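Keep in mind that this is a model prediction, so the values were computed, not measured. Every chain is numbered from 1 and lettered A, B, ... according to where its sequence line falls, protein lines coming before strand lines. Hydrogens, waters and symmetry mates play no part in the numbers below; they use all other heavy atoms, side chains included.
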Number of protein chains: 2
Amino acid sequence: MQHIADLAGVSRATVSRALNDSSLVNEQTKNKIKLIAQEHNYVINEAARNFRLNQSQTVTVVMMTDPLVNQQSFDPFFMEMIASLLEALAKSELDMLVSQEPITDAAAFRNSRIYRQSLGLIVIGQGQGHEQLNELASDKLPMVVWGVPTHGQTYHLVSTDDKQGGKQATQHLINKGCKNIAFFGDKASADSELRYQGYCAALNEAGLAINAELDITVPFVTDKAKNVINAFLDAKPKVDGIVCCSDLIAMSAMSCLQEHSLKVPSDVAVIGYDGLSFTERTSPPLSTINQDIRQCAYKLVDCLVGLINGKQVENTLADVQLIERKSTQRN
Amino acid sequence: MQHIADLAGVSRATVSRALNDSSLVNEQTKNKIKLIAQEHNYVINEAARNFRLNQSQTVTVVMMTDPLVNQQSFDPFFMEMIASLLEALAKSELDMLVSQEPITDAAAFRNSRIYRQSLGLIVIGQGQGHEQLNELASDKLPMVVWGVPTHGQTYHLVSTDDKQGGKQATQHLINKGCKNIAFFGDKASADSELRYQGYCAALNEAGLAINAELDITVPFVTDKAKNVINAFLDAKPKVDGIVCCSDLIAMSAMSCLQEHSLKVPSDVAVIGYDGLSFTERTSPPLSTINQDIRQCAYKLVDCLVGLINGKQVENTLADVQLIERKSTQRN
DNA sequence: GATATTTGTACAATCGATTGCAACATGGGC
DNA sequence: GCCCATGTTGCAATCGATTGTACAAATATC
């Protein structure tokens, strides 16, 4: 910067102001300085700038649940969320840091580097940390949570309407003529619980009984899913439709059904949840409840940027929508 | 830090040295200072530190190909790579920044913030930038590329043996008794070209003819894949096996085959490529050539860290391996 | 006891930008 | 011709850490 200042015949102060478009600098001088800076490939030292301003351009994304399925791979839902956040933050010229360590102690977290030196926080999922997050909500550090509306929650939240989604999924199967609809999911997670409520609501409205034997706890992400599903099917249950809490579970379900010589969807119809793109490539193509992860990521970032700029922001409850996919039978 | 120094009755300099485990500080003093720092929840200001040391802990990951399939979602292969890099870098206490802008001009890139203020570079794919990367290879900035060994390449490279992979995939189908094996992929990308060479090599070794009509250009990632595949199948080709250049293509292929009332694998066997975890959930489960993305990500990071520490590092050509998945017929 | 050596600590400069305040120039009003 | 308002620019302090050098204290050597 000194070099640029010398070339322009002004002081460092003026260069700094010129590059920051300060109104204190003459237009002409400003343009001249900008030109010289450009010509000499000057790029500002962000480290120095951030240090001086005592700020950072880094937003930390905290994963409250373990996105690691096993030692091999990740849950595509979380990956799509991460990738979308990456894109959305980049558009706002923000850097992204990802922390895989859930917040388990608000007080300790306040002393962490993440807390002290981030511009803001995006928290993915609430995990077991609802209380901790509530505690952090009153701090100055901007924070937005992706999760499920919870009793007494004071932090800023972006969520999708899980109950509505569960209902829509179930209604879709009812409309297809299913009478004995199973629910595959793990209600230990709050979103699944809500989806189950939607499932029950849809059955009630349609005058169908809720059969506890068709409420199956299928783990979200592990390989155990298939074992549970196979055990269920081995008992030859009376079932003609399955509402699944994730597209992955739905894929496993379809695979197991076909291994049991049951045709999808004629014998048993299946619907997934999440709207992951590979659902259009399954056989048969899988209808699903789309959460529009990308749009949610943008909402999270919008909300956070709003908070950073000191605006009042409102919680968002995004709608979900059914994506119906049909097999095109050929020949 | 001044505060800690006062409390310990020493100068800032000593505190700094103590926290950095300098041998110039007495053990006793060191411990005392560390204790006090801990008690007072002191965390070092990374911004100031990095500024002073004129370094950063940020590694930039540059995507040379557009991972965006469309406005909705991302290629799971790249996402898994990103997520794995994230994990691997975190283990080395490095931050990760992702740039979606391919390097198209080495000279211009040298003036970018990314170039000037990153600790190192991990480049994913070569795209059209082989020459540019070669130019950057001689710079001081540590750089590792994930890609395909290329003639005259001077940059550090981590890759998998695509030719071997294509060969293995094809041999697997040959072993299953397939005689008319198609190749689904887009040879515009160098890795697919290599896989095709492996495919040809396997056919040759088995004494099978290479039929140009079974060499189908299927786009990697777009929705057009299904159209191309359906057009191919509509012509009722003589085919009993398909080597696919990605798991997504394989999924589409299986879906299209089943829509054409062709049974997988009895009528037509299919093998994928990448080793994505959802291949175990397809119906039927999809055999695939595993690239072990996670391990490759670790190798990339290892290699980069080596370069950062001034070590000599060697290029890596990782083996791929067949994952065979079988349908378990029940009832 | 005087000097040499080792060890531990403090002083102060430094990194590259920002910014309050002072200083200066210019022009208009009286 | 003097004063003041206005608009521009420069000076110098500042952010929080690191580190070369100087200095002080403790110990060793003769």
Could you give the distance from NZ (B:Lys32) to CG (B:Leu35), rounded to the nearest 0.5 Å?
10.5 Å
Let me confirm one number: the CD-CG distance from A:Glu80 to A:Leu276, rounded to the nearest 0.5 Å.
6.0 Å
Measuring from A:Asp302:CG to A:Lys91:NZ, what's the distance to the nearest 0.5 Å?
11.0 Å
Return the minimal non-hydrogen interatomic distance between A:Arg294 and A:Glu87, and the atom names on each side.
NH2-OE2, 2.6 Å
Ionic contact status for B:Glu27 with B:Lys30, cut-off 4.0 Å:
yes
Just the rounded figure in Å: distance from P of D:dT8 to CG of A:Leu24.
9 Å
At less than 4.0 Å, is any side-chain N or O atom of B:Asn26 found next to OP1 or OP2 of C:dT7? Yes or no.
no
Please write out the pairs of protein N or O atoms and N or O atoms of nucleotides 10-14 of chain D separated by less than 3.5 Å, giving the distance to one decimal.
residue, atom, partner, partner atom, Å
D:dG10, OP1, A:Ser11, N, 3.4
D:dG10, OP2, A:Ser11, N, 2.7
D:dG10, OP2, A:Ser11, OG, 3.0
D:dG10, OP2, A:Thr14, OG1, 2.5
D:dG10, N7, A:Arg17, NH2, 3.1
D:dG10, O6, A:Arg17, NH2, 2.5
D:dT14, O2, A:Arg52, NH1, 3.1

Does a side-chain N-to-carboxylate-O contact under 4.0 Å join A:Asp95 and B:Arg113?
yes
Nearest 0.5 Å please: distance from the CD atom of A:Gln291 over to the OG atom of A:Ser159.
10.0 Å
Nearest 0.5 Å please: distance from the CD atom of A:Gln117 over to the CD1 atom of B:Ile44.
9.0 Å
Are B:Thr154 and B:Asn134 linked by a side-chain donor-acceptor pair shorter than 3.5 Å?
yes
Of the nucleotides C:dT9, C:dG16, D:dT9, which one has an atom closest to the side chain of A:Phe51?
C:dG16
What is the distance from CD of B:Gln55 to P of D:dA17, rounded to the nearest Å?
15 Å
May I ask you to evaluate whether A:Thr29 reaches the phosphate of D:dT9, defined as a side-chain N or O under 4.0 Å from OP1 or OP2?
yes
On a heavy-atom basis, which atom in A:Leu121 and which in A:Leu141 lie closest, and how many Å separate them?
CD2-CD2, 3.9 Å
No-hydrogen, no-angle side-chain donor-acceptor test under 3.5 Å, B:His130 and B:Tyr155
yes
Between the axis at one end of the helix from C:dG1-D:dC30 to C:dC30-D:dG1 and the axis at the other (five pairs apiece), what's the angle to 10 degrees?
60°
Residues of residues 31-47 of chain A with a heavy atom under 4.0 Å from any atom of DNA chain D, listed by number, are none
Atom CZ of A:Arg116 and atom P of D:dA17: how far apart are they, to the nearest Å?
11 Å
Indicate, with a heavy-atom threshold strictly under 4.0 Å, whether A:Asn50 touches base, sugar-phosphate, or nothing.
nothing
Measure from CG on B:Leu19 to P on C:dT9 and round the result to the nearest Å.
14 Å
Output the rounded distance in Å from CZ (B:Arg49) to P (C:dC15).
18 Å
For residues 305-317 of chain A, dump all side-chain donor-acceptor pairs below 3.5 Å to protein atoms at least two apart in sequence or in another chain.
residue, atom, partner, partner atom, Å
A:Asn309, ND2, A:Val305, O, 3.3
A:Asn315, OD1, A:Leu157, N, 2.9

Whole-Å distance separating the CG atom of B:Asn54 from the C1' atom of D:dT18:
13 Å
Over how many whole Å does the gap from B:Gln28 atom CD to C:dT7 atom C1' extend?
14 Å
Rounded to whole angstrom units, what separation is found between the CG atom of B:Leu53 and the P atom of C:dA13?
20 Å
Does the side chain of A:Ser16 get closer than 4.0 angstrom to OP1 or OP2 of C:dT18 through an N or O atom?
yes
Could you tell me whether B:Lys34 and B:Asp21 make a salt bridge, using a distance below 4.0 angstrom between a side-chain N and a carboxylate O?
yes
Report each atom pair, protein N/O against N/O of nucleotides 22-24 of chain C, whose distance is under 3.5 angstrom.
none

Which residue pairs pass the ring-ring contact (aromatic ring centres under 6.0 Å, His included) test with at least one member in residues 87-117 of chain A, sequence neighbours excluded?
A:Phe109-A:Tyr115
